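The block underneath contains the structure these notes are about, expressed in structure tokens.
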Amino acid sequence: MKRREFIALLGAAAGGLPLVASAQEQGRTYRVGFLYPNARGAPQNALFEMLARAGFVEKQNLIVEWRTFGQRADMTSEFAAELVKLWPDVMVAGGDPAIRALEKASSRIPIVGITEDMLSAGFVN
């Protein structure tokens, strides 16, 4: 599976859209970086269930790097820089501060942003 297809799958899974699995490169391990205000919970577990159904299994062919900043939004830039240094295939950001920090940290790694209102936050026009 090509990187773009993997990113599309992750984006679709994050949005709750069903997507049929495609063939994957043998031996390829994908890396996903998460920057979230809270620890992994039910919404993210649902995402990982969808990815597993598509053949992406954590600790088998999927490496997950997780950074949690809690109420410390001032730490998002530092955590974003850490994630970028790991060169993930895609980064997933939860909330406006995380999305902005990842946008500043890298323009080369795709970002899947999850927030209340992407339009009013200025992420899309």
Side-chain angles (χ1 to χ4, degrees):
M1 176 180 284
K2 294 183 177 140
R3 183 175 179 200
R4 287 179 191 241
E5 292 169 340
F6 174 71
I7 293 165
L9 174 66
L10 185 65
L17 300 174
L19 194 63
V20 178
S22 304
Q24 301 172 29
E25 288 179 37
Q26 284 289 40
R28 171 84 159 95
T29 300
Y30 294 87
R31 184 181 301 265
V32 180
F34 280 84
L35 183 56
Y36 256 75
N38 51 11
R40 187 164 153 179
Q44 296 85 17
N45 289 338
L47 167 66
F48 287 106
E49 287 174 19
M50 290 179 77
L51 287 170
R53 278 184 262 156
F56 299 99
V57 180
E58 197 171 357
K59 296 181 181 150
Q60 288 183 14
N61 61 352
L62 182 65
I63 297 171
V64 178
E65 299 290 345
W66 196 273
R67 300 296 183 275
T68 305
F69 57 89
Q71 299 299 317
R72 304 264 334 255
D74 59 316
M75 296 294 292
T76 56
S77 295
E78 183 179 325
F79 290 145
E82 285 179 19
L83 288 174
V84 168
K85 287 179 185 176
L86 299 172
W87 276 103
D89 294 289
V90 63
M91 297 182 291
V92 181
D96 294 3
I99 297 169
R100 292 191 198 292
L102 288 175
E103 283 180 329
K104 287 180 186 174
S106 176
S107 61
R108 298 183 62 155
I109 302 171
I111 300 166
V112 175
I114 302 168
T115 190
E116 295 275 325
D117 187 349
M118 298 289 275
L119 185 60
S120 68
F123 296 118
V124 295
N125 37 356

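Since we're looking at a predicted model, the values are computed, not measured.
Using a 4.5 Å heavy-atom threshold, the side chains of L62 and V57 count as separate. Side-chain contact check for R28 versus D89: some heavy-atom pair is nearer than 4.5 Å.
Taken to the nearest 0.5 Å, the CG atom of N61 stands 6.5 Å off from the CZ atom of F56. Atom OG1 of T76 sits about 14.5 Å away from atom OH of Y36, to the nearest 0.5 Å. One finds the CD atom of E78 at 11.0 Å from the CG atom of L35 (value rounded to the nearest 0.5 Å). Here the CG-CZ distance, from L83 to R31, works out to 10.0 Å after rounding to the nearest 0.5 Å.
One N or O on the side chain of S106 and one on the backbone of R108 form a donor-acceptor pair closer than 3.5 Å.
In plain terms, the two heavy atoms of P88 and G33 that are nearest each other are CB-N, 3.7 Å.
Taking the ring centre of F69 as origin, the terminal cationic atom of R67 falls outside the region bounded by 6.0 Å and 45° from the ring axis.
No path of Ile, Leu, Val, Met, Phe, Trp and Tyr side chains, each step under 4.5 Å between heavy atoms, connects I63 with W66, placing them in separate hydrophobic clusters. Cluster annotation: F123 and V112 are assigned to distinct hydrophobic clusters (Ile/Leu/Val/Met/Phe/Trp/Tyr, side-chain heavy-atom contacts under 4.5 Å, transitive).
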Ignoring hydrogens and angles, write down the donor-acceptor pairs under 3.5 Å from the side chains of residues 90-105, residues two or more places apart or on other chains.
unit_1 : atom_1 : unit_2 : atom_2 : d
D96    : OD1    : T115   : OG1    : 2.5
R100   : NH2    : A121   : O      : 2.6

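Checked against ring pair (Phe, Tyr, Trp, His ring centres under 6.0 Å), F48 has the following partners two or more places apart in sequence or in another chain: F34.
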